[in-house]
Novice: 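Take a look at the following structure, please.
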Amino acid sequence: MTESEQQFEFSEFSGEFVDDDVTVILRIYRPAGTYRDWTLEVYDEEGNTTVWNDTFDTDRDAFQEFLATVQRDGIRTFTEGPVQRLH
């Protein structure tokens, strides 16, 4: 099965996030029907993406990492380049 054919389960924490007049789309997901770890991905308004290299045991852990990054680095950190890899 190719990645484009893969079905994903999205966390309830996924969705639009707005801070400091910047909007990003937060995606926290894992392969559907599994108990695998969660992936954290953020899209900016231009469609650029930031993906964490590490996965998370729970969707809440992924969301907390996102919030910590926003608090530490600011929301604009997600708009600074076409593709970023964190951690």
Novice: Quick one, Phe78 and Val70 - any side-chain contact, counting heavy atoms below 4.5 Å?
Specialist: yes
Novice: Measure the OG1-CG distance between Thr39 and Asp54 for me, rounded to the nearest 0.5 Å.
Specialist: 10.5 Å
Novice: Is the backbone of Glu46 close enough, under 3.5 Å, to the side chain of Asp44 for a donor and an acceptor to pair up by distance?
Specialist: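 Here the side-chain-to-backbone pair exists.
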Novice: I'd like to know if the side chain of Thr79 and the backbone of Arg76 have a donor-acceptor N/O pair within less than 3.5 Å.
Specialist: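 A pair under 3.5 Å: yes.
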Novice: Nearest 0.5 Å, what's the CG-CD distance between Asp19 and Gln71?
Specialist: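 These two atoms lie 10.0 Å from each other.
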Novice: Using a 6.0 Å cut-off, check whether atom CG of Asp21 has over 12 heavy atoms from anything other than its own residue.
Specialist: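 Open.
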Novice: Identify which one of Thr50, Thr49, Leu26, Asn48 satisfies the side chain to side chain contact (heavy atoms under 4.5 Å, CB included) criterion when paired with Tyr43.
Specialist: Thr49
Novice: Sorted by first residue and then second, give each salt bridge (Lys or Arg N to Asp or Glu O under 4.0 Å) pair with at least one member in residues 32-42; sequence neighbours left out.
Specialist: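 Counting only pairs at least two positions apart or across chains, the salt bridge (Lys or Arg N to Asp or Glu O under 4.0 Å) contacts touching residues 32-42 are Arg27-Glu41.
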Novice: Could you check whether Phe17 and Phe66 have their ring centres less than 6.0 Å apart?
Specialist: yes
Novice: Could you point out which residue of Leu67, Thr69, Asp61 forms a side chain to side chain contact (heavy atoms under 4.5 Å, CB included) with Glu65?
Specialist: Thr69
Novice: Over 60° means perpendicular and under 30° means parallel, so classify the ring planes of Phe8 and Tyr29, tilted if in between.
Specialist: perpendicular
Novice: Roughly how far apart are Asp59 CG and Phe13 CZ, rounded to 0.5 Å?
Specialist: 5.0 Å
Novice: How close do Thr23 and Glu45 get, counting heavy atoms only, and between which atoms?
Specialist: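 For Thr23 versus Glu45, the nearest heavy atoms are O-CG, 3.2 Å.
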Novice: Any side-chain heavy atom of Trp38 within less than 4.5 Å of one from Glu9?
Specialist: yes
Novice: Roughly how far apart are Ile28 CD1 and Phe10 CZ, rounded to 0.5 Å?
Specialist: 10.5 Å
